[in-house]
Asks: 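Dropping a structure here in structure tokens format, bear with me for questions.
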Amino acid sequence: MNIIEIKNLEKHYSEADLIVKAVDNISFSVKKGEFLVIVGPSGSGKTTLINLIGGLDFPTAGEIFVDGYAIHQMKQDQLTDFRLHNIGFVFQNYNLLPVLTAKENIELIMKLQGISKKECNKRTLDLLKIIGLSERAESKPSKLSGGQQQRIAVARSIASGPKFILADEPTANLDSHSAETLLDTMQLLNQNEGTTFIFSTHDPRIMKRAKRMIRLEDGKIIDDITND
Amino acid sequence: MLLTINLAIINLMRNKKRSFFVIASIVVGITGGLLGVSIGNGYVNQLVNSVIRFETADVLIHENTFFDQMEPSAFLKNSDQLIKSVNLNNGINALTARIKINGYIRSALSSANVEIIGVDPKTDRLVFPIHEAIHTGKGNYFTDYNRIPIVMGNLLADQLGVNINSRLVLSGQTKNGDLFSSVFWVCGIYSVDNKLFEKKSVFVLLDEIAVLSGFKPDEVHEIAIKLDKNIQSSDHIVSALESQHPGLKISKWPDIRPEIFVTKSYINLTLNILISIILFAISIGIINIMILVVYERRREFGMLRALGMNKVKIFQMIMFEIIFLLLISLFISTLINFTVLSFLSQNGVPVWSVEGVNMLGVGTVDRIYPVLRWQQLIFVTGLIILLSFLSSIIPTLKVLGIHPTEAMKN
Ligand SMILES: Nc1ncnc2c1ncn2[C@@H]1O[C@H](COP(=O)(O)OP(=O)(O)O)[C@@H](O)[C@H]1O
Ligand SMILES: [Mg+2]
């Protein structure tokens with residue numbers, strides 16, 4: 001079953017007289033449970049594509065279906081609600097609210113969704129155990145390493161039970177050891193919970209860990225490889 | 001809702017120094033406003049109390065044309081019978097009958113126009129506590145005298161240059177329109193907040209003035225009624241009396257002193273406008289601070305938007321932050337106000353420090369004893385909640401204008 005379907009997607013930016021085709025006629029689909037990496041050099045359109053799939057930006061043309069819903073036709077408010085209930089995000093830089101503890105950050109989206117306090121608590125403690133950060137539950141983000149912060153962000157994105165998780169260069173600011181650990185965590189969740197992951201990177205060691213790799217260049221797909 | 005309240009509280013705590021200064025400046029504004037309101041209330045209360053206590057009581061009965069003609073001939077006949085019949089109504093604490101004649105008073109030094117009030121001290125002191133307004137050393141209210149007594153206000157005594165036991169000549173019109181003139185000796189000197197009254201009202205014994213002006217014992221101009229303490233409004237008794245005695249004029253203090261009634265409404269309105277303007281100015285300040293806050297936390301707001309926090313939740317978060325700032329400030333201001341008032345309500349504010357107040361009104365007071373009404377606190381609280389709501393709109397729009405992907409870029 002396809003969880004994401006993208007058809008002839010375009011995103012153009014006009015800079016001065018020049019039109020930049022950040023995403024240029026892209027079509028592909030993603031099945032439930034995939035572990036998909038989007039790679040490509042800087043400026044190839046990875047971020048733009050991920051923002052479009054996540055409903056954070058509006059396409060210039062083309063169609064995006066998430067679980068059958070045509071998100072390219074949705075209005076701002078609908079999209080906001082859709083993101084809350086369907087899509088998990090792990091951002092590159094700015095993920096956690098500095099004033100909340102690790103545990104409260106994980107609970108944030110569940111609380112926005114209106115999930116009961118008891119259930120939030122149980123799910124958060126389980127996830128903290130899975131990602132190996134139980135003892136840091138009450139720490140503020142500033143007291144956590146970059147890698148730990150990203151793992152908390154992954155836990156938060158998965159806690160709310162999204163259809164898939166989008167992560168734009170989640171390892172970009174991490175050292176290689178932390179990056180590997182984060183990937184371990186993502187892979188574990190992909191295998192144990194069946195969560196669909198779509199993430200981008202330009203780190204070759206990270207790419208290798210994906211089951212499927214889409215390679216972008218100048219906003220176009222130049223490769224779509226699945227290795228088992 | 002709990003989440004947004006929680007986030008609002010956490011956000012207030014994160015920059016304690018700023019929250020402190022914001023609250024401190026709001027407290028200054030609200031406390032100033034509340035004190036101004038309290039002083040205004042005190043002034044109005046004292047003025048009205050003074051009018052009711054010493055001049056009009058709760059209800060007055062006159063002959064129908066008494067106020068039109070201001071002639072001695074507009075008097076109530078058979079006052080004994082009238083008093084008996086009025087007394088049959090429930091809720092009446094005391095009543096007294098009075099003769100009221102415009103007159104002229106002359107001392108060795110000076111003279112003045114006055115209103116001569118003829119009283120029966122036994123019943124009068126049950127309705128009007130003039131005896132309480134006579135300080136020690138200033139004589140008494142017809143309890144101890146040797147010669148024909150008169151009681152007058154301190155202002156008038158000063159003007160006439162007289163003191164206890166001074167000799168005066170009082171003249172006025174008789175029932176038939178002739179003139180009478182007679183000698184009186186000052187028996188007591190009173191002082192009240194209602195300075196117009198203090199300046200023009202003199203009291204003599206009913207029997208004396210009746211003889212001088214030719215009235216029979218049961219002919220008077222006015223019956224003044226004091227109601228039982230537990231009666232909140234005199235409206236009921238007024239309408240009862242009106243239907244029982246259709247030929248008579250039944251009045252309350254606003255009918256007798258409309259200028260004070262107007263002053264009261266005018267001051268109340270002014271006070272509400274004053275506090276509204278202060279709160280409005282505070283709101284403008286808060287809007288500015290919240291816009292700054294949104295700018296500082298634009299990445300956070302961008303992230304929250306990206307994660308799916310909708311505009312209602314954003315609005316709530318900002319609104320609760322503002323409401324808490326204002327309610328905490330209101331609470332502190334109220335505490336300060338009560339502390340200051342508990343001091344001032346004993347000592348009063350000398351009028352020289354609030355000079356303008358006397359110019360507003362038609363009465364004057366020496367000292368103002370400020371009070372705050374709980375209705376006004378409720379009004380302020382309501383206004384604060386309304387303004388918090390309105391003040392949240394612009395900052396929320398600023399947040400909604402943040403593009404999440406732009407906000408979170410490097
Ligand atoms: N907001 C924008 N305005 C103008 N041009 C943009 C904007 N965002 C991205 N671009 C352009 O789109 C292209 C793709 O950018 P991006 O998706 O960020 O690539 P990547 O994430 O692979 O580095 C680049 O040429 C970039 O300059
Ligand atoms: Mg990028």
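A, B, ... follow the sequence lines: proteins, then strands. Residue 1 opens every chain. Below, each value reflects all heavy atoms present in this structure, side chains not excepted, and no hydrogens, waters or symmetry copies.
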Asks: With a 4.5 Å heavy-atom cut-off (strictly below), which parts of residues 310-323 of chain B touch chain A? List them by number.
Replies: B/N310, B/K311, B/K313
Asks: Below 4.5 Å, heavy-atom pairs only: which of A/I87, A/L108, A/D81 has the largest tally toward chain B?
Replies: A/L108
Asks: Say whether, by atom type as modelled, one donor and one acceptor occur between the side chain of B/R14 and the main chain of A/V99 under 3.5 angstrom.
Replies: no
Asks: For B/R297, which atoms come within 4.5 Å of any heavy atom of chain A: side chain, backbone, both, or neither?
Replies: neither
Asks: Taking every non-hydrogen pair under 4.5 Å, which of A/G114, A/G88, A/P98 racks up the most with chain B?
Replies: A/P98
Asks: Counting only heavy atoms not in A/Y69, do more than 12 fall under 6.0 Å of its OH?
Replies: no
Asks: Measuring only between side-chain heavy atoms, which start at C-beta, is B/R305 closer than 4.5 Å to A/T80?
Replies: yes
Asks: Answer with side chain, backbone, both or neither: which region of B/L307 has an atom nearer than 4.5 Å to a non-hydrogen atom of chain A?
Replies: both
Asks: Would you say that more than 12 heavy atoms from the other residues, nucleotides or ligands in this model lie under 6.0 Å from the CD1 of B/I394, or not?
Replies: no
Asks: Checking B/L2 against chain A: side chain, backbone, both or neither under 4.5 Å from a heavy atom?
Replies: neither
Asks: Count the heavy atoms of every other residue, nucleotide or ligand shown that sit under 6.0 Å from CZ of A/F58, and state whether that count exceeds 12.
Replies: yes
Asks: Verify the neighbour count for atom NZ of A/K11: are there more than 12 heavy atoms of other residues, nucleotides or ligands below 6.0 Å?
Replies: yes
Asks: Who among A/Q113, A/H85, A/K111 has the most heavy-atom pairs with chain B under 4.5 Å?
Replies: A/K111
Asks: Which heavy atom of A/F91 sits nearest a heavy atom of B/A306, and at what distance?
Replies: CZ-CB, 3.6 Å
Asks: Please state whether the side chain, the backbone, both or neither of A/L96 comes within less than 4.5 Å of a heavy atom of chain B.
Replies: backbone
Asks: Between A/Q76 and chain B, with a heavy-atom cut-off of 4.5 Å, which part of the residue counts as in contact: side chain, backbone, both or neither?
Replies: side chain
Asks: Mark yes when over 12 heavy atoms from residues, nucleotides or ligands other than B/Q232 sit less than 6.0 Å from its CD; otherwise mark no.
Replies: no
Asks: Can you tell me how far CG of B/L3 sits from CD of A/E107, rounded to the nearest 0.5 angstrom?
Replies: 10.0 Å
Asks: Name the region of A/L97, side chain, backbone, both or neither, that has any atom closer than 4.5 Å to a heavy atom of chain B.
Replies: both
Asks: Is it the backbone or the side chain of B/L304 that comes under 4.5 Å from a heavy atom of chain A, or both, or neither?
Replies: side chain
Asks: Could you check whether atom CG of A/D218 has more than 12 heavy atoms from other residues, nucleotides or ligands sitting under 6.0 Å from it?
Replies: no
Asks: Once rounded to the nearest 0.5 Å, what's the spacing between atom CG of B/L7 and atom CD of A/E104?
Replies: 9.0 Å
Asks: Is it true that a side-chain atom of B/R299 and a backbone atom of A/N95 form a donor plus acceptor pair closer than 3.5 Å?
Replies: no
Asks: Taking atom OG1 of B/T405 and atom CD1 of A/I50, what is their separation to the nearest 0.5 Å?
Replies: 12.5 Å
